[in-house]
Structures are given as C-alpha cells and as structure tokens.
K.L.:
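Please find one structure pasted underneath; my questions will follow.
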Amino acid sequence: MSVQTSGSIDSFAARLLGWYDRSARALPWRIPPGSDAVPDPYRVWMAEIMLQQTTVAAVAGYFERFVARWPTVADLAAADDADVMAAWAGLGYYARARNLLACARAVARDHGGHFPDSEAGLRALPGVGDYTAAAVAAIAFGRPAVVIDANIERVIARHRLIEIPLPAAKRAIRAELAPLVPRGRPGDFAQALMDLGATICTPRAPACGLCPLMADCAARGRADIERLPVKPAKKAKPQRYGVAHWIERDDAIWLVRRPDKGMLGGMRALPGGAWTDVPPAESGIAQVDHGFTHFDLRLTLVARESEDAAGEGEWWPLSALDAAGLPTLYRKLTDKMRERIS
DNA sequence: CATCCGTGGTT
DNA sequence: TAACCAAGGAT
C-alpha cells in the first residue's frame with residue numbers, strides 16, 4: 001500500500017515503512033513487521049532502557065538473561081537489588097540499573113503492575129526520559145509519539161539539511177519529524193528510522209544509494225553529508241589514577257559496594273582509595289588502564305593483609321568471582337590476578 | 001544548557 | 001590508533 005502526497009513521490013512514511021517491511025532487523029525484543037503478536041510493554045521498556053547509549057550487539061545477551069530470569073515487571077520489582085546490579089555488570093551506565101528497579105517497583109506499587117499507556121505517564125517513571133517515554137508509547141501502545149534518538153536526529157538533520165548544531169537542533173528536528181509520524185504504525189515508523197540510521201544513514205559513509213528516502217533528501221549527493229548533524233567539539237579527557245586493594249584470605253577476596261552516587265554507583269568493587277590526578281607512589285602487583293566517558297583511569301592493584309578488610313564488605317570466593325558482578329574496570333584486574341593464580 | 005555517567009565496536 | 005560513536009537520563 002502506497003500513500004500519495006503532492007507530486008509523484010510516495011510519502012516519507014510510506015517509503016520508510018515499505019523499506020522496513022522488507023529490511024527490518026530481527027532483534028530479540030522486536031515483533032517483526034506484519035506480525036499480529038501483541039507487544040509486551042515490559043519487554044519494550046526493558047529493551048529501551050538497556051539500549052540507551054548502548055549498541056544492539058552489547059544489549060542482546062543482557063536482554064535475554066533479564067527477561068528469562070525476571071519474566072514480568074512484578075518479578076523484577078520483587079528482585080534483590082544486588083542480584084539486579086550484578087546481572088547488569090558490564091553493560092555500563094549503572095544508574096540505569098538502579099532506575100530500572102525503581103521503575104519496576106513504581107509500576108508494581110503505583111500502577112497495579114501495568115505500565116502507563118501514555119507518553120506523559122511513562123515520562124514520570126524513573127529512568128524514563130523524553131526518548132524512552134515516546135519510544136515505549138509508540139512501540140508498546142501504538143501512540144503517535146515523536147520519537148527522537150541519535151539515529152533519528154541524524155536522518156532528519158540530513159533529510160532536511162538542518163545545520164544548527166546539536167543539541168539546539170533538536171527543536172527543529174522535532175518540528176520537521178512531528179508531521180511525518182503516521183497514525184497507523186507509529187512504533188514501526190520509529191523503529192524503521194532507527195534501523196535506517198543504524199544501517200544506511202550511518203555517521204560515516206552512508207549508503208545513500210540504498211536509502212528509501214533519497215529522492216527528496218536535502219543532503220543527497222553533498223560531499224559534506226557526514227558533517228550532519230553538526231555536533232559540538234569534545235573536550236579532552238584528563239588522566240586520573242587510583243589504587244585498589246587485593247585482600248585475599250582462604251581463597252576469597254574482600255569486596256565492597258560503591259556508594260549509589262558517582263562512578264560505578266551501587267556496584268560491587270575492590271576496595272581502595274579515592275581517584276586522583278597524581279600517580280600513586282606504590283608500584284603494585286597489577287595495573288590496568290580503563291577509559292571512562294570523561295576521563296582515563298590508571299588503576300594500580302596493591303596487596304594488603306586481611307586485617308585491612310574493614311567496614312562493610314564481603315569475603316567473596318575466588319572460584320565464584322564471575323557471580324560477583326564486578327564492573328569492567330575491576331573485572332580487568334581480577335582477570336589478571338586469576339591468570340596469575342591458576 | 002553543561003556536566004556526569006561505561007563500555008565495546010568501528011574507522 | 002586515537003577518535004568517534006551508540007535506541008539518553010538525571011541533575
């Protein structure tokens with residue numbers, strides 16, 4: 001079915017959805033176009049939270065494990081914090097995991113175990129911002145919400161040749177996109193734009209020859225299409241340093257939990273001092289370099305006696321270290337130590 | 001509006 | 001290989 005607009009070119013949405021019907025990626029959380037299956041808002045929400053600033057490839061395994069272990073929002077709401085945080089370990093941006101639990105419990109307690117079916121209702125939940133509220137409203141509930149993620153920003157900025165730098169460009173992008181959203185398939189429309197941005201209208205070397213929207217793309221053929229959308233320059237990342245303590249006793253090591261706020265908040269960790277701008281004097285028994293979003297960290301591992309296992313913490317068997325759910329920074333160190341011990 | 005918040009893949 | 005980037009949200 002093609003929808004005609006002015007001229008002889010099918011409407012933006014018709015071309016996009018036609019392409020999506022042929023080319024949609026098969027993803028664990030996605031109902032294929034044309035299926036009569038009913039979306040599960042819990043699974044849609046779970047996927048959207050995990051996909052925030054995170055690639056499809058990285059999310060797939062986590063999504064499968066989470067929905068297998070906690071099949072419903074009620075199951076997740078009843079889970080132990082430590083189990084959820086450990087299951088999230090390695091995926092990054094750990095505030096998402098804390099908000100995931102807070103959101104599940106809010107849905108269970110305040111909404112009778114059902115996700116709100118409006119954009120405004122969803123937006124009020126922890127960890128749900130403008131993008132996620134619109135995405136869940138459109139994909140799970142068929143609401144004609146205006147969904148804008150980084151893929152869609154890029155597609156629209158190019159198609160309409162919006163040269164305003166982000167994030168200020170978002171207002172213009174929304175104004176251009178809103179009238180294009182079809183009442184009939186808003187969820188597929190949003191997912192189609194994201195698939196298009198991920199596979200054809202890519203940041204570099206876009207495959208314009210394969211694009212269903214090429215005919216009226218304002219950036220088509222421009223040598224500088226990769227410049228769009230215009231983004232602000234990034235600041236240099238400072239180098240920081242830290243010391244972690246390896247405290248071993250009876251084939252177990254001492255682990256602590258980091259405070260909820262700040263880096264790696266709420267996650268199990270090796271004990272250690274605060275991170276600083278100055279390299280430590282000690283040489284240590286191991287060392288890792290780890291890049292965070294806004295600084296690089298060199299972490300030195302220093303052996304300590306079991307008497308230094310003070311305050312809150314737990315002796316964790318070395319044989320079960322995988323189950324501790326350490327974030328990648330510490331996982332790098334424990335992997336090095338495990339190689340050495342075995 | 002700017003900053004903070006992870007990680008791994010791609011170029 | 002260093003830089004860039006990803007289905008952003010909270011503050």
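Within every chain, numbering begins at 1; the chains are lettered A, B, ... in the order of the sequence lines, protein sequences first and strands thereafter. No experiment lies behind these values; they were computed from the predicted model shown. Quick note: numbers below take in every heavy atom, side chains included, and nothing from hydrogens, waters or symmetry partners.
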K.L.:
Counting heavy atoms from C-beta on, name the nucleotide in C:dG9, C:dA7, B:dG6 closest to the side chain of A:T132.
P.N.:
C:dG9
K.L.:
What nucleic acid atoms does A:V59 come within less than 4.0 Å of, heavy atoms only: base, sugar-phosphate, or nothing?
P.N.:
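Here A:V59 touches no strand at all.
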K.L.:
Please confirm whether A:R338 makes a cation-pi placement over A:W246, using NZ or CZ under 6.0 Å from the six-membered ring centre and within 45° of the ring normal.
P.N.:
no
K.L.:
Within this structure, what is the CG-to-C1' distance between A:D130 and C:dG8, rounded to whole angstrom?
P.N.:
10 Å
K.L.:
For atom P, what is the distance between B:dT10 and C:dA7, given to the nearest Å?
P.N.:
13 Å
K.L.:
Just how far, in rounded Å, is P of C:dC4 from CZ of A:R227?
P.N.:
16 Å
K.L.:
Rounding to an integer number of Å, can you tell me how far A:L196 CG sits from C:dA6 P?
P.N.:
14 Å
K.L.:
Could you say whether A:H290 or A:K235 is positioned toward the 5' end of DNA chain B, judged by the nucleotide with the nearest heavy atom to each?
P.N.:
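Counting from the 5' end, the first nearest nucleotide belongs to A:K235.
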K.L.:
Heavy atoms only, 4.0 Å cut-off, all strands: where does A:G265 land among base, sugar-phosphate and nothing?
P.N.:
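It contacts nothing in the nucleic acid.
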K.L.:
Across the strands shown, which category fits A:L193 at heavy-atom distances under 4.0 angstrom: base, sugar-phosphate, nothing?
P.N.:
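A:L193: no heavy atom of the nucleic acid under 4.0 Å.
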K.L.:
Taking atom P in both C:dT11 and B:dG6, compute the distance separating them and give it to the nearest angstrom.
P.N.:
14 Å
K.L.:
Charged N to carboxylate O below 4.0 Å: is that the case for A:D83 and A:R69?
P.N.:
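Judged by the 4.0 Å cut-off on N to carboxylate O distance, A:D83 and A:R69 do form a salt bridge.
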K.L.:
Tell me the closest heavy-atom pair linking A:R25 and A:T199, and the distance in Å.
P.N.:
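That would be CD-CG2, 4.1 Å.
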K.L.:
Check whether any side-chain N or O of A:R154 sits under 4.0 Å from OP1 or OP2 of C:dA6, and answer yes or no.
P.N.:
yes
K.L.:
A:F189 ring centre to A:R185 NZ or CZ under 6.0 Å, with the angle to the axis within 45°?
P.N.:
no
K.L.:
Of the listed nucleotides (C:dG8, C:dA7, B:dT7), which one gets closest to any side-chain atom of A:R25?
P.N.:
C:dA7
K.L.:
Mapping A:P167 and A:F295 to their closest nucleotides on DNA chain B, which lands nearer the 5' end?
P.N.:
A:P167
K.L.:
Can you measure A:Y131 atom OH to C:dG8 atom C1' for me and round it to whole angstrom units?
P.N.:
9 Å
K.L.:
Give one of base, sugar-phosphate or nothing for A:I152, where a contact means two heavy atoms less than 4.0 Å apart.
P.N.:
nothing
K.L.:
Can you measure A:F292 atom CZ to C:dA3 atom C1' for me and round it to whole angstrom units?
P.N.:
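About 19 Å, once rounded to whole Å.
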K.L.:
Using a 4.0 Å heavy-atom cut-off, does A:R331 contact any base of the nucleic acid, only the sugar-phosphate backbone, or nothing at all?
P.N.:
nothing
K.L.:
So which one's nearest nucleotide on DNA chain C is more toward 5', A:R96 or A:E226?
P.N.:
A:E226
K.L.:
Which nucleotide sits closest to the side chain of A:Q52: C:dA6, C:dA7, C:dG8?
P.N.:
C:dG8
K.L.:
How is A:K231 classified with respect to the nucleic acid when contacts are heavy atoms under 4.0 Å: base, sugar-phosphate, or nothing?
P.N.:
sugar-phosphate
K.L.:
Whole angstrom is fine here: how far is it from NE2 in A:H294 over to P in C:dA3?
P.N.:
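One finds 17 Å between P of C:dA3 and NE2 of A:H294, rounded.
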K.L.:
For A:R98, report the nucleic acid contact type (base, sugar-phosphate, nothing); a contact means any heavy atom under 4.0 Å.
P.N.:
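No contact.
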K.L.:
Does a side-chain N or O of A:Q53 approach OP1 or OP2 of C:dA6 to a distance below 4.0 Å, or not?
P.N.:
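Answer no for this pair, as no side-chain N or O of A:Q53 is under 4.0 Å from OP1 or OP2.
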K.L.:
Nearest to the side chain of A:A168, which nucleotide is it out of B:dC1, C:dA7, C:dC5?
P.N.:
B:dC1
K.L.:
Return the 5'-most residue of the pair A:A47, A:R204 with respect to DNA chain C, ranking by each residue's nearest nucleotide.
P.N.:
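It is A:R204, whose closest nucleotide lies nearer the 5' terminus.
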K.L.:
I need the single residue from A:Y62, A:F63, A:W70 that forms a ring-ring contact (aromatic ring centres under 6.0 Å, His included) with A:F66. Which is it?
P.N.:
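The ring-ring contact (aromatic ring centres under 6.0 Å, His included) with A:F66 is passed solely by A:W70 among A:Y62, A:F63, A:W70.
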K.L.:
Taking OP1 and OP2 of B:dC5, is either one under 4.0 Å from a side-chain nitrogen or oxygen of A:K261?
P.N.:
no
K.L.:
Between A:F295 and A:R240, is there a cation-pi geometry (under 6.0 Å to ring centre, at most 45° from the normal)?
P.N.:
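Verdict for A:F295: a cation-pi partner in A:R240.
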K.L.:
Donor-acceptor pair, A:D250 side chain versus A:A252 backbone, under 3.5 Å?
P.N.:
no
K.L.:
What contact category does A:G197 fall into here, base, sugar-phosphate, or nothing, at under 4.0 angstrom with non-hydrogen atoms?
P.N.:
nothing
K.L.:
Indicate, yes or no, whether a donor-acceptor pair under 3.5 Å links the base of C:dG8 to the side chain of A:T54.
P.N.:
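Answer no: no donor N or O sits under 3.5 Å from an acceptor.
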K.L.:
Starting at CE of A:M50 and ending at P of B:dC5, how long is that distance when rounded to a whole Å?
P.N.:
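In whole Å, B:dC5 P and A:M50 CE are 22 Å from each other.
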K.L.:
For the base of B:dG6, is there a side-chain donor-acceptor partner from A:T328 under 3.5 Å away?
P.N.:
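Answer is no: no donor-acceptor pair is held.
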K.L.:
A:N99 has a side chain; which of C:dA10, C:dG8, C:dC5 sits nearest to it?
P.N.:
C:dA10
K.L.:
Would you mind classifying the nucleic acid contact of A:A150 as base, sugar-phosphate or nothing, using non-hydrogen atoms under 4.0 angstrom?
P.N.:
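Contact class for A:A150: sugar-phosphate only.
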K.L.:
Does A:W29 reach a base, just sugar-phosphate, or nothing at all? Heavy atoms under 4.0 Å.
P.N.:
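Base contact - A:W29 has a heavy atom under 4.0 Å of at least one base atom.
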K.L.:
Could you check whether A:M194 gets within reach of a base, just the sugar-phosphate, or nothing at all, counting any heavy atom under 4.0 Å?
P.N.:
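Base contact.
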K.L.:
So, is A:Y94 close to the B:dT7 phosphate, meaning a side-chain N or O under 4.0 Å from OP1 or OP2?
P.N.:
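Answer is yes, contact under 4.0 Å.
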K.L.:
Could you tell me whether A:R15 and A:D216 make a salt bridge, using a distance below 4.0 angstrom between a side-chain N and a carboxylate O?
P.N.:
yes
K.L.:
Rounded to whole Å, please give me the gap between CG in A:D195 and P in C:dA6.
P.N.:
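One finds 15 Å between P of C:dA6 and CG of A:D195, rounded.
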